[in-house]
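Down below is the structure, laid out as structure tokens.
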2 protein chains.
Amino acid sequence: MKNVTIKDVANIVGVSYSTVSRALSGSPEISEETRARIVEVCRQMNYTPNTVARAMVKKNTMLLGLILTDINNPFMSELAYYVDRQAHEHGYNILLSNSSKDKDQEREIFELMVGHQVDGIILCPCGPESSEALTQLTKRVPTVFFGENLREIPESYISVDNFRGGEMGTEYLYGLGHRNILYFGKRRNSTTHQLRADGYENACKKLGITPHYFNNTFNSTSIQNGYLMAKQLFSEKPEFTAIFASTDTNALGIMKAAEEAGIRIPEDISLLGFDNIRDASLPRIDLTTIEQPMKLLSSVAMDCLFQKIQNEQSGYSHRILYPNLVERSSCRKID
Amino acid sequence: MKNVTIKDVANIVGVSYSTVSRALSGSPEISEETRARIVEVCRQMNYTPNTVARAMVKKNTMLLGLILTDINNPFMSELAYYVDRQAHEHGYNILLSNSSKDKDQEREIFELMVGHQVDGIILCPCGPESSEALTQLTKRVPTVFFGENLREIPESYISVDNFRGGEMGTEYLYGLGHRNILYFGKRRNSTTHQLRADGYENACKKLGITPHYFNNTFNSTSIQNGYLMAKQLFSEKPEFTAIFASTDTNALGIMKAAEEAGIRIPEDISLLGFDNIRDASLPRIDLTTIEQPMKLLSSVAMDCLFQKIQNEQSGYSHRILYPNLVERSSCRKID
DNA sequence: CTTCTTCCCGCAATCGTTTGCGTAAAAACA
DNA sequence: TGTTTTTACGCAAACGATTGCGGGAAGAAG
């Protein structure tokens with residue numbers, strides 16, 4: 001199990017180990033002849049440079065931290081996928097972990113990662129207040145926040161325009177003829193959802209219809225919870241013709257409850273989601289939704305992070321990207 | 001950005017830095033009084049030990065590599081979730097990457113990870129032949145393979161009993177009255193799928209029905225590819241009453257094609273999947289399937305890995321777990 | 001008062017690299 | 001041939017921790 005080191009190959013070749021180091025790093029001060037010999041011996045002994053030792057002197061580990069709330073969320077795993085790809089293109093590896101939406105875990109993981117000397121961190125915050133404890137930590141390593149519009153935080157973040165998405169969805173349903181639109185999902189405890197709801201409300205005002213909310217204080221976006229709440233919703237006589245769900249996972253739960261209640265989508269009620277997770281495009285699901293352009297978002301996030309890593313003192317920047325409406329079959333025109 | 005080191009706190013406290021190290025690691029040779037002073041100063045300067053430096057001398061990085069084919073596959077993201085959790089419970093962090101089912105990338109990632117001196121690796125192999133290049137690499141770091149029954153490889157692996165799963169599904173459909181069952185999915189190029197198909201064939205033989213295959217040479221399990229192949233299948237007049245899909249993702253594609261072809265599931269055709277990915281439990285999908293017990297599988301894999309990490313020379317072991325049938329609504333009884 | 005323990009703590013080597021500096025040998029120049 | 005420049009490589013000091021060993025001071029034992 002003992003790994004072969006630079007000294008081992010130096011001994012075999014009969015040069016000093018600094019020569020080996022220089023030969024491998026492509027220094028011009030090494031003759032092509034000895035370089036060839038060194039490279040050959042390295043291959044034979046299959047020497048792999050010890051990145052850890054290198055990191056000690058070079059001051060960079062080529063490691064990027066990615067802190068998710070939950071890798072099982074398809075939204076997050078898509079992010080992980082793109083981040084991983086782009087990291088590797090730049091020679092970085094990613095250190096991944098899940099906070100499970102727990103602030104303490106989030107902080108712990110962050111500290112662990114700075115302990116591992118990661119060169120940068122992409123963090124999907126548990127909530128808007130997570131900043132309090134993190135605000136000092138982010139000073140110790142280049143960080144970009146992902147997915148939350150945290151305007152108060154003096155740190156870079158990337159996010160979709162949730163407010164505009166809320167408006168956009170409402171306008172779309174209005175255009176389809178809906179005048180009685182229910183907004184389904186939590187409003188507090190997360191800037192993201194607050195903004196989506198605000199966008200909805202603002203659009204309602206502009207369009208001259210009255211906003212209706214359900215599930216205002218709810219604090220989980222899982223399918224199961226969406227289902228439970230929707231069940232309760234459908235047990236009361238619903239007055240509306242369309243539901244605007246604050247997340248696709250919630251919409252999935254609504255779909256399940258609707259099915260059980262004998263409510264057809266879109267015939268009886270139109271359903272609009274938000275996020276465009278992969279599941280939304282599944283057969284039979286086919287959910288119309290407001291898309292977060294994940295590929296673009298993650299690409300922008302990585303660019304932002306790499307910039308921070310290079311010019312250490314670049315301050316921060318906020319990038320808010322435009323959402324798209326993805327039309328499928330869960331909403332219908334009414335008159 | 002300069003991190004505070006053990007020497008910095010030693011200077012402040014007025015002791016040697018070895019004393020600080022011992023105080024922090026809980027050595028009994030340090031008086032409680034100086035330890036308290038040291039701890040306090042560490043807190044004030046918020047010192048975080050440099051894991052990289054520690055790794056150099058302690059010979060372990062507390063890093064575990066996890067090589068997936070694709071984190072976007074819900075099956076894989078579930079694995080990642082459990083692995084991450086258990087790793088953290090043992091004080092490890094995970095280094096994640098995707099091979100995209102490409103052998104060269106797989107090898108590259110593996111090498112990168114040994115460069116980073118990970119203490120162990122969990123690898124979801126691209127295919128059964130991936131062993132050729134990896135067989136040397138696995139000697140350099142404790143490794144366990146996940147998800148493939150690679151009986152020829154002298155390395156530990158964890159997998160569900162794919163053969164038994166193939167049998168189980170076939171028997172289930174037979175029990176429902178089906179005599180004309182089509183096996184849908186690739187057979188070659190992957191031991192996993194070969195075994196599933198073999199299980200199907202074996203059960204057919206035992207039950208006295210003739211096996212039928214579709215899509216034998218196909219080499220991708222994505223929804224889209226399942227859809228395309230199923231489209232072709234349905235354009236010919238199908239003779240069977242049930243389809244046993246080799247993966248849930250394939251089943252999802254079949255579902256989509258069936259919908260378009262006006263074929264109802266389960267009224268016209270019963271559909272059985274394999275894996276029990278999260279999507280299978282979605283409303284409207286509700287796919288009956290053979291489950292891989294992911295939580296258990298990953299737990300066993302981690303235990304196995306930790307064992308190998310401890311007694312370096314423990315050889316290998318193969319753990320094949322029993323699959324479960326998860327009954328939902330995509331299969332119906334016929335007569 | 002001397003000697004031996006015991007208790008704390010410091011010195012210095014080590015882990016595997018990178019890199020500034022110094023210096024022989026070879027090449028170029030006078 | 002003597003001097004300078006270039007080429008090619010070695011020496012040794014970092015990087016930030018851990019840890020075996022040695023030793024001074026205080027207290028106990030003689």
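Hydrogens, waters and symmetry mates are skipped; everything else that's a heavy atom, side chains included, is used. The chains referred to below are lettered A, B, ... by the order of the sequence lines, with proteins before strands, and numbering in each begins at 1.
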Mind calculating the distance between [atom1] ([X]) and [atom2] ([N]) to the nearest angstrom?
| X | N | atom1 | atom2 | answer |
| --- | --- | --- | --- | --- |
| B:Glu33 | C:dC8 | CD | C1' | 11 Å |
| A:Arg35 | D:dA8 | CZ | P | 10 Å |
| A:Met56 | C:dT18 | CE | C1' | 11 Å |

At less than 4.0 Å, is any side-chain N or O atom of A:Lys59 found next to OP1 or OP2 of C:dT18? Yes or no. no

Looking only at side-chain N and O atoms, does B:Thr34 come under 4.0 Å of OP1 or OP2 in C:dC8? no

Pick one: which of B:Arg37, B:Met45, B:Gln44 meets side chain to side chain contact (heavy atoms under 4.5 Å, CB included) with B:Ile12? B:Met45

[X] side-chain N/O to [Y] backbone N/O, donor-acceptor pair under 3.5 Å:
| X | Y | answer |
| --- | --- | --- |
| B:Ser156 | B:Ser317 | yes |
| B:Thr143 | B:Val141 | yes |
| A:Thr5 | A:Lys7 | yes |
| A:Asp119 | A:Met62 | yes |

In degrees, rounded to 10°, what is the bend between the two ends of the helix from C:dC1-D:dG30 to C:dA30-D:dT1, using five pairs at each? 60°

Electrostatic pair B:Glu40:B:Arg43 at N-O distance under 4.0 angstrom: yes

What's B:Val52 touching, base or sugar-phosphate or nothing? Going by heavy atoms closer than 4.0 Å. nothing

Which letter, B, S or -, goes with each nucleotide of nucleotides 17-28 of chain D from 5' to 3', with contact meaning a protein heavy atom under 4.0 Å? BBBB--------

Evaluation steps, salt bridge (charged side-chain N to carboxylate O under 4.0 Å, His left out), between A:Lys308 and A:Glu155: CA-CA 11 Å; A:Lys308 292 195 79 168; A:Glu155 254 313 331; 2.6 Å; yes

Taking atom types as modelled and ignoring hydrogens, do the side chains of B:Ser16 and B:Ser18 form a donor-acceptor contact shorter than 3.5 angstrom? yes

